[in-house]
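A note on names: the letters A, B, ... follow the listed sequences, proteins ahead of strands, and every chain is numbered from 1.
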2 protein chains.
Amino acid sequence: MEILERKQRSREQTRTGIVLTAKEIARREGWQAVSIRKIADAIDYSAPIVYEYFDSKDVLLDEIRNEGFRHLRQEYERIRHVYRDPEKRLFEMSVGQWQFAIDHPEIYQVMYNLDGAYCTLPVCESSEMEAVSAIIREILFSFIPKSKESIQKLYFEWWSLSHGMITLAMMLRDHQPLEQSEQVYRESIRRFVRGLR
Amino acid sequence: MEILERKQRSREQTRTGIVLTAKEIARREGWQAVSIRKIADAIDYSAPIVYEYFDSKDVLLDEIRNEGFRHLRQEYERIRHVYRDPEKRLFEMSVGQWQFAIDHPEIYQVMYNLDGAYCTLPVCESSEMEAVSAIIREILFSFIPKSKESIQKLYFEWWSLSHGMITLAMMLRDHQPLEQSEQVYRESIRRFVRGLR
DNA sequence: GGCTAATATTAACACTGTTAACTTGCCGAT
DNA sequence: ATCGGCAAGTTAACAGTGTTAATATTAGCC
């Protein structure tokens, strides 16, 4: 019986199935094409079942977004353990951010409400995002011990540079190969890091 | 004959009314709240009338986007006529871009598909956008006459910096006053311009 | 006034997020 | 063995979306 099979699937599996399917559709057709019914169809359930796991579409998007921030944080932590030089650390983390955005564009989109992705929950009040930013700010402080405001300013500049280049590279994807954009990205980040000392 | 003229004028008025109303709703409630029926209600018409003026919602958004690029281009042209020094020109145009985004956030959003605004027509193939980018590239060339690829790279860097800082400033609006973000923006742009010589 | 052509409206279709009401099948108690 | 209750899952519905076809209204011209 299919019904029995379905029952054997644990709640957790269904839950991750929902998240996985949402990302899959977003990747293939864009976030605007992601609907509760389409997700439900893909996991062989009716639409209301999705609401047993997520109070609303917004909450589902928020989960995916925070998952993205957690992923990014783990990558940052990994890099911090591999390198000791602050300059190398910041550079590698920047490259890590680039790679993450290229590898998981649909997640990057929902993290910053890009290209039709729209989650109304405020991204800035996410603790996951705070954790990510804290790592970068700590590195910035570690090789330029200045006031909190100065660090915040530097962080703002680093983030702008990285985020700006990533979004524009994705926008120009068809006009300019990603490899070339990455080249420019690495040069710019390197210049930024050099400029810190 | 005169009747035709009057009709023509009335048509134009209705058309601009549609555009104006769309921007108004977007400004107040965000682009996700903009619907054809809401626009029609506001201009005292039924929904299908909107389709007499725009083939689809997408085309309407595209019009508003291109209007934005035209506005920006005019501002750039004005600045070019006021200043002769390339450094001053580039700096003032950057500030102009900042001011435009702050003054008309709903237009900036639809220009780059930000915050729920979503126009499927490719922004990169817009001739209006090409015109805007041509002005900046010309300035970059005027004080660093290098190869086309080099200029393209510099333009990419300038755009990333400017666009990145604008989007992040808007994101952090509630956590960091816009005046402070503008300060950082001006400093960063100044540094970028200095770095060109 | 009556005919035509433009103009505007209503109704409909296939979607969307979301919720209430209903059905179904299973498990333990009598 | 039958009944009750409970949980799981479904259908149906609501209000809203973009969009289009069929209908109604209005205006101008002979």
Please give, in whole Å, the distance from [N] [atom2] to [X] [atom1]?
| X | N | atom1 | atom2 | answer |
| --- | --- | --- | --- | --- |
| A/Ile49 | C/dT23 | CD1 | C1' | 13 Å |
| B/Tyr118 | C/dT16 | OH | C1' | 16 Å |
| A/Glu52 | C/dT19 | CD | P | 12 Å |
| A/Asp44 | D/dT10 | CG | P | 9 Å |
| A/Tyr45 | C/dT18 | OH | P | 20 Å |
| B/Ile43 | C/dT9 | CD1 | C1' | 14 Å |
| A/Leu60 | C/dT16 | CG | C1' | 15 Å |

Could you check whether [X] pairs with [Y] (Lys NZ or Arg NE/NH1/NH2 to Asp/Glu carboxylate O, under 4.0 Å)?
| X | Y | result |
| --- | --- | --- |
| B/Arg65 | B/Glu128 | no |
| A/Arg186 | A/Glu182 | yes |
| B/Glu92 | B/Arg78 | no |

Contacts of type ring pair (Phe, Tyr, Trp, His ring centres under 6.0 Å), residue A/Tyr108, not counting sequence neighbours: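 In terms of ring pair (Phe, Tyr, Trp, His ring centres under 6.0 Å), with neighbours along the sequence ignored, A/Tyr108 is linked to A/Tyr112, A/His163.
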Residues that B/Phe141 engages under ring pair (Phe, Tyr, Trp, His ring centres under 6.0 Å), provided they are two or more places apart: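 For B/Phe141, no residue satisfies ring pair (Phe, Tyr, Trp, His ring centres under 6.0 Å) once neighbours in sequence are set aside.
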Over 12 non-hydrogen atoms of neighbours within 6.0 angstrom of NE2 in B/His81: no
Overall bend - the helix from C/dG1-D/dC30 to C/dT30-D/dA1, comparing terminal axes fitted on five pairs, nearest 10 degrees: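 Answer rounded to 10°: the end axes differ by 40°.
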Aromatic A/Phe91 / basic A/Arg190 pairing, under 6.0 angstrom, 45° off normal: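 The answer is yes, since A/Arg190 meets both limits relative to A/Phe91.
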Under 3.5 Å, sequence neighbours excluded: what are the donor-acceptor pairs made by side chains of residues 47-54 of chain B?
none

Ignoring hydrogens and geometry, is there a side-chain-to-backbone donor-acceptor pair from [X] to [Y] under 3.5 Å?
| X | Y | value |
| --- | --- | --- |
| B/Arg27 | B/Glu106 | no |
| A/Asp62 | A/Asp58 | no |
| B/Arg89 | B/Tyr83 | yes |

Contacting residues from residues 14-29 of chain B, given that a heavy atom lies under 4.0 angstrom of DNA chain D: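 Heavy-atom contacts with DNA chain D come from no residue of residues 14-29 of chain B; none.
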Contact letters for nucleotides 13-21 of chain D, in which S counts primed atoms plus P, OP1 and OP2 and B counts the base, heavy atoms under 4.0 Å: B---BBBB-
